Number of protein chains: 2
Amino acid sequence: MKSEKKQGRPRAFDAKAVIGQAREVFWDRGFSAASLDNLSAATKLNRPSLYGAFGDKEDLYLDTLEGYREDSLVILSAALNPALPLRENLARIYAEALKIYLHGETAARGCFLISTATAEAIQHDRVREVLRRSLNEFDDAIKERMELSVEQGELPADTDAATLAKLASAVMHSLAVRARAGDTRETLEAIARSGVDFVCGRR
Amino acid sequence: MKSEKKQGRPRAFDAKAVIGQAREVFWDRGFSAASLDNLSAATKLNRPSLYGAFGDKEDLYLDTLEGYREDSLVILSAALNPALPLRENLARIYAEALKIYLHGETAARGCFLISTATAEAIQHDRVREVLRRSLNEFDDAIKERMELSVEQGELPADTDAATLAKLASAVMHSLAVRARAGDTRETLEAIARSGVDFVCGRR
DNA sequence: GAATATTTGTACCATTTCGCATAAAATTTA
DNA sequence: TAAATTTTATGCGAAATGGTACAAATATTC
């Protein structure tokens, strides 16, 4: 059952790349304010091609959210390398997050999920669902690393890893919001440093 | 120089009330997805009246943001009553926040500022400015209460009140996002409890 | 009561919006 | 090379959008 070449005219674009370009548009403008013309221009695909490949605007937006979730989880997992101290893991998570949040043409864009999906979460159940699932997955990844720390005595034996992980995430959520609000890199890095201290204990 | 009654046909509406009704619309739909028809229906004002009294859609939205900022600051200040222990202050802040965040017709609406202003913050500088200013004011209010705690020995003398206040706010930011994402009240209350412990120290 | 000032309601306009119909183009299979 | 299949490009269209012109309505001031 090997995959033969699909018959018919071949696509002149790479779906993953297009989703990435669409993400940039949504990231800057939000879902509702992003028009199909904006998306068409950024992806260099005309509307019928976008429709044929991805469905309507909401479908395409959901694809960009899923892509961001996956990318983020890869970065998070790498930062959580258990060979490193938990303190270092957290510092890396926040550093990687800030690298993403502080990037942007006109202003720092913050977290794609938090900055754009929250706005739509009430009216679009599927968006709220992706948002909820993503936040939970991030929490879980951190929780598992913390459970390891508890086993290894790096964290106190009575630590509630699940709750502590949610607090570690909370710092990241705050960085996301503050970055989009225009806080300086210095301010955000200071919050990240103290966040590490408070989650892992001051040394 | 006393204020005489303004001449001309009097307004048949209360501006504050209208801004409150408009806020509900923006809260559920976000700025971009809220149409003037939605706003007109919710406020029972036709478009020319809205325009005459508040300016264009962005002006009206900024009014709703300012109103929310003011309301929130009042609630925050009340919760920060210095006659109570800091621990109790924080618990009240989170409880008041959750009261607001978990309210909603179809789904919990989260924080009006974080859920709707972040999406527009890149394209609309004035929105980003209100968002930034609001977050800073909340931080400052908490910081001042914490400085008092340091003076009174409730917090260690070497406490960095400004940073600790930002961490306390971070927990609130996370509650805001998670509420809008659909987390349960129980989950959020657990985060709030552990947030108090981590900021004030476990007892 | 007349003049003035402001608000309100109706209707409208130009633009933008999303989405699709249709046909041309490009590729595989027969 | 012809048929079949899928993608691309042009262009259309119905609906919704933000915003406004204009006149009627309602108050104050003179």
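All values derive from a computational prediction rather than experimental measurement. Every chain is numbered from 1 and lettered A, B, ... according to where its sequence line falls, protein lines coming before strand lines. Note: hydrogens, waters and symmetry copies are ignored here, and every other heavy atom, side chains too, is used.
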Testing C:dC20, D:dA24, D:dT20 for proximity to the side chain of A:P48, the answer is C:dC20
Closest of C:dG19, C:dT17, D:dT8 to the A:F13 side chain is D:dT8
Just N and O in the side chain of [X]: are any of them under 4.0 Å from OP1 or OP2 of [N]?
X	N	answer
A:N46	D:dT8	no
B:Y51	D:dT20	yes
A:R11	D:dT7	yes
B:S35	D:dA16	no

One should read off an interatomic distance between B:T116 OG1 and B:F31 CZ, to the nearest 0.5 angstrom, of 10.0 Å
Interatomic distance, [X] [atom1] vs [N] [atom2] [rounded to whole Å]:
X	N	atom1	atom2	value
A:L45	D:dT8	CG	P	7 Å
A:D56	C:dG19	CG	P	5 Å
A:L50	D:dT7	CG	P	13 Å
A:N38	C:dT17	CG	P	7 Å
A:R47	C:dC20	CZ	C1'	10 Å
B:D37	C:dG9	CG	C1'	15 Å
B:L36	D:dT20	CG	C1'	12 Å

The residue, B:R9 or B:A34, whose nearest nucleotide of DNA chain D is more 5′ is B:A34
At under 4.0 Å between heavy atoms, what does [X] touch on the DNA or RNA strands: base, sugar-phosphate, or nothing?
X	answer
A:P10	sugar-phosphate
A:A33	nothing
A:A12	sugar-phosphate

Is the closest side-chain heavy-atom distance between B:R109 and B:Y101 below 4.5 Å?
no
Heavy-atom side-chain contact between A:L39 and A:R47 under 4.5 Å: no
Whichever of B:Q7 and A:S32 has the more 5' nearest nucleotide on DNA chain C, that residue is B:Q7
Around atom CZ of A:R126, are there more than 12 heavy atoms of other residues, nucleotides or ligands at under 6.0 Å?
yes
* Do B:S134 and B:Y68 get their side chains close enough for a donor-acceptor pair, meaning under 3.5 Å? -> no
